Structures are given as structure tokens and as C-alpha cells.
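Reading through the C-alpha cells given below for one structure.
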Amino acid sequence: MNKIGIICHPTFGGSGIVASELGKGLACKYEIHFISYEKPVRIDVNEPNIFFHKVTVPMYPLFEYPPYELALTARIVEVVKEQNLDLLHVHYAIPHAYAAVNAQQILSINNITIPIVTTLHGTDITLVGKSPFVLSSVNYAINQSTLVTCVSEDLKQQTLKYFDLKKDIKVIPNFIKIDKSNISKRRKNHNKTFVHISNFRPVKRTLDVIKIFNNIQKKIKSELIMIGDGPDLEKTKGLVNSYGLNKSVYFVGKSKDIESFLRTADLFLLPSEFESFGLVALEAMSFGVPVITTNSGGIAELVVNAHNGYTCMVGDIDNMSLKAYDLISNSKLYSKFSANALVTAKKYDINKIIPLYEACYLDLIN
Ligand code: GMT
């Protein structure tokens, strides 16, 4: 049985979720070894063939910043040697690709060769990666990776625009496990229910979510469920207060059970500055929930305007409010969009996408 090392951020972010679900999906055929500073939220080490190796960062009063990359590099070297890993798959270039490439160099001194697949997820390119403070290191790490994948055609184009790449990038989109009961178990609320899920970073434009909802609730009795936590949470709650919407907007924090919220949702609001793919939108669509979003980034490859949702200009609150209201108040149109959303989601079924990663692995291992 081949052994794959997966390096990812362990948190609720999309790249960590993709890495975890990929590992779980492959564990019937491969030994999967996750390497990170915490156990990724969605994995269970009691499941067969799933292992977790913790990275411990040394602390010393001299360090203003703990040397995570150094500790990660050393841990990768150790795990590859101890477990005889066949391949490393790193998710989110920063700092994972750089650490993996250095680990590969160290291992080569011991005559151990190991291929690296680097999957680019979004802000590792579009926001943080292209910053002049890290650009040359990220450029180097991507070029040194044996194979590079990214999650949308748009992200591929962004990467080619900002980086000097010497290799091709393979597009492998995000995926979803479609549970046949998603639709049959849908619960209907008396009020119209809007849902937003994110890590409340500025790129998610959570204030826009509240502004859109404020416009809609003036015309139709509705509620908004805000799921997640992050830097803009307090500002967003402040706006809800100032609009006097406390009785119709619910902040539920991080949740391991987003399915139960998506089952009651009528519309999903994601007015991001950009999304390289928009995994949460795909999750909503797998419950037949249409999406109101922006036309910025790879999300427009998933949400097709006037088909399974609407894509509007970033910050165009009036248009997003209007489109959301038109859809929610026209049951015939809504049913069509909802059915289209589900059909689209099925194209990204886990069983269709995981073999694409597996084919990459087998090419490199063999
Ligand atoms: O880039 C980020 O914001 C972080 C990353 C994450 O870990 O949540 O999200 C990105 O990766 C997801 C999984 O591939 C994509 O579905 C998200 O669209 C993407 N986020 C952005 O591009 C803002």
C-alpha cells in the first residue's frame, strides 16, 4: 500500500477541508499521514489508514516569531523517513510548499527521493503569495514542486500572471460528497432563510452580507444565519446592531454541522472580493440552495449567472439585494435555480474528482 503525506492548515478554512476530505477519500487505498500543528478538524485518527503527526514549534524568548516552517520541515523529514512515505501533497503554498521543498532537499542528501504535489487554493497566490515580501520564496517553492495543481482556471491564470512559472499547472476543482438525502431532508421554515459561511476575513465582505440582508428584510419576512468566526466578526455584529436587526440575524460561530443550516437555507450569500473557487458555495448548492455572489475569481466557473444563482459586481449591494429578492419571491424561478444548483453540484462529486488527484499520484510514484 502506497503512503501519502498530506500537509495542510488544520482549521475550518477551505484548503484544510479539501485536504482532509481528499485524505479520507483515499484512505481505502493508501495510508494517509497528515502533518500539521494540530489535528485537522475533519479527520478521525481512529479510522483505518489515517494518521496524524503533530508539528511542535520550539519557543524561545529571543523569537519574536516562532519558526514554524523550520519545525514543519524537520517534521516532514522525520515522518518521510520513519513511515517510508511515497509522496507529499501540500495544500496552500504558504508555508507548506516551501517547507516541503526544503525537506525534499534534506532527504536527497540521504539518497531519499520524494515527489511533491503542491495544490494552490487561493489567497496563497492572489493575496499573500504575490506580496513582494514573499514572492520570490513562493515562486521558488512552486517551481521546485514536482507537480502543481490549482482549484480553478481563474486561479491558474492569476498564478501565471503573478509568478514566473517554469511548469504547467493542472486544474483540479474542489469537490463535494453528495448525500442523496440532502434534498429529501430539506426543512422549510416559515421565514425565508439566508445563510453566510466564512472565516470573516475582509476578503469575504461580511458587511455586504448584512447590507444585502437589510435591504431584503424590508420587503419580505426573513432571517439570516451567519456561520464562522474571524477578524471582521465584531464589526459585522456592530452593523447588525446599528440596523436594529438583532432579532433576525443569528451569529452561530464556527460549526461542525453546517449541513443542518444548509438544509433550512433558501439562499446562500457570498459577496466576496474574490473567491478562487468557493467551496462553501458548492456545499450550499449540493443542498439545492442557489447562490448570490460576485463575478470575481473562479467562483464564476461554479455559479453561472442567472442559472444556479447570480454573480454581480463586487460591492454592488443594490443589485445583489434585487437579485436575491427577485429569486426568493418567484417560486417558479426559484425551483428552476434550485434544481440547476443541484445539477451543477453533482458535477463536482467527490467520486469524480478524487481519481484526478489519484492519477497525478500514480504518475509520480511509478
Ligand atoms: O485562500 C483562502 O482564503 C484560504 C483558503 C482556505 O483555506 O479557506 O480558501 C481558498 O481555498 C478554498 C479551497 O480550495 C476555495 O474554495 C476558496 O475559494 C479559497 N478562498 C479564496 O480564494 C478567498
Side-chain angles (χ1 to χ4, degrees), residues 6-23 25 34 36-38 40-42 89-97 117-131 134 138 142 148-159 161-162 169-177 196-206 208-209 227-232 254-255 258 268-286 291 293-303 309 311 314 344-345 348 350 353-354 356-357:
I6 293 186
I7 295 127
C8 64
H9 292 291
T11 46
F12 280 91
S15 62
I17 300 296
V18 169
S20 304
E21 294 297 341
L22 176 62
F34 286 92
S36 193
Y37 59 88
E38 251 171 38
V41 281
R42 286 213 190 167
H89 189 173
V90 305
H91 289 263
Y92 203 87
I94 303 170
H96 302 144
V117 178
T118 291
T119 293
L120 310 172
H121 280 272
T123 50
D124 47 350
I125 295 299
T126 53
L127 211 73
V128 199
K130 73 175 208 251
S131 137
V134 297
V138 179
I142 296 174
V148 183
T149 79
C150 73
V151 298
S152 64
E153 188 54 44
D154 183 80
L155 185 57
K156 176 174 175 172
Q157 295 314 322
Q158 298 292 325
T159 311
K161 180 169 157 195
Y162 293 111
I169 306 175
K170 201 174 166 55
V171 176
I172 303 184
N174 287 175
F175 54 85
I176 186 89
K177 229 183 251 171
H196 170 80
I197 306 171
S198 77
N199 41 26
F200 285 70
R201 282 175 300 158
V203 70
K204 301 294 175 180
R205 298 184 68 103
T206 50
D208 287 6
V209 178
I227 305 168
D229 193 356
D232 281 353
K254 289 178 183 167
S255 169
I258 60 166
F268 190 78
L269 302 179
L270 191 67
S272 306
E273 188 81 34
F274 55 81
E275 283 294 337
S276 64
F277 182 88
L279 179 60
V280 279
L282 175 59
E283 285 176 329
M285 289 161 84
S286 75
V291 178
T293 186
T294 56
N295 51 16
S296 178
I299 185 122
E301 294 163 40
L302 173 72
V303 181
T311 57
V314 175
T344 303
Y348 298 91
I350 187 167
I353 308 299
I354 285 200
L356 305 180
Y357 280 115

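As the structure is a prediction and not an experimental result, all values here were calculated from the model. Just follow the structure's listing: the first ligand is 1, and inside any ligand the first atom is 1.
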Counterpart residues, salt bridge (Lys or Arg N to Asp or Glu O under 4.0 Å), relative to Asp208 (two or more places apart):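 In terms of salt bridge (Lys or Arg N to Asp or Glu O under 4.0 Å), with neighbours along the sequence ignored, Asp208 is linked to Arg205.
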
Flag, side chain of Thr294 to backbone of Ser272, donor-acceptor distance under 3.5 Å: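 Yes, Thr294 side chain to Ser272 backbone: donor-acceptor pair under 3.5 Å.
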
Subset of ligand 1 atoms that lie under 4.0 Å from at least one heavy atom of [X]:
X: Phe274; answer: 23 (C)
X: Tyr92; answer: 1 (O), 4 (C)
X: Phe277; answer: 16 (O), 18 (O)
X: Leu279; answer: 16 (O)
X: Ser15; answer: 6 (C), 7 (O), 8 (O), 13 (C)
X: Gly122; answer: 1 (O), 22 (O)

Please state which protein non-hydrogen atom is closest to [atom] and give its distance, to 0.1 Å?
atom: atom 22 (O) of ligand 1; result: Ser276 N, 2.8 Å
atom: atom 11 (O) of ligand 1; result: His121 O, 3.2 Å
atom: atom 20 (N) of ligand 1; result: Glu275 OE1, 3.3 Å

Nearest neighbour of atom 15 (C) of ligand 1 from the list Val151, Asn174, Val280, on a heavy-atom basis: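 Ranked by closest heavy atom to atom 15 (C) of ligand 1, first place is Asn174.
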
Side chain to side chain contact (heavy atoms under 4.5 Å, CB included) between Gln158 and Phe274, worked out: CA-CA 12 Å; Gln158 298 292 325; Phe274 55 81; over 6 Å; no

Polar-atom distance check: [X] versus ligand 1, any N or O pair below 3.5 Å?
X: Gly14; value: yes
X: Gly278; value: yes
X: Lys204; value: no
X: Thr123; value: yes

Parallel, tilted or perpendicular: rings of His196 and Phe268 (30°, 60°):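 Rings of Phe268 and His196: parallel, under 30°.
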
Parallel, tilted or perpendicular: ring planes of His9 versus Tyr92, cut at 30 and 60 degrees: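 Taking Tyr92 first and then His9, their aromatic rings stand perpendicular (interplane angle over 60°).
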
Residues His89, Thr119; criterion side-chain hydrogen bond (donor to acceptor under 3.5 Å, both in side chains); working and verdict: CA-CA 7 Å; His89 189 173; Thr119 293; 2.7 Å; yes

Close approach of Arg201 to ligand 1, heavy atoms, under 4.0 angstrom: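 It does, in that a heavy atom of Arg201 comes within the 4.0 Å cut-off of ligand 1.
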
Heavy-atom side-chain contact between Met285 and Val303 under 4.5 Å: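 In contact.
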
Validation row: Leu302, Tyr348 side chains within 4.5 angstrom (heavy atoms):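 Side chain of Leu302 against side chain of Tyr348, heavy atoms only: contact under 4.5 Å found.
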
Tyr162 and Thr126 side chains, donor-acceptor separation under 3.5 Å: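 Result is no, nothing qualifies.
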
Partners passing side-chain contact (heavy atoms from CB on, under 4.5 Å) against Ile354 (at least two apart in sequence or in another chain):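 Once residues adjacent in sequence are excluded, the partners of Ile354 under the side-chain contact (heavy atoms from CB on, under 4.5 Å) criterion are Leu22, Leu26, Ile350.
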
Part of Thr126 within contact of ligand 1 (heavy atoms, under 4.0 Å):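 It is neither; nothing of Thr126 touches ligand 1.
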
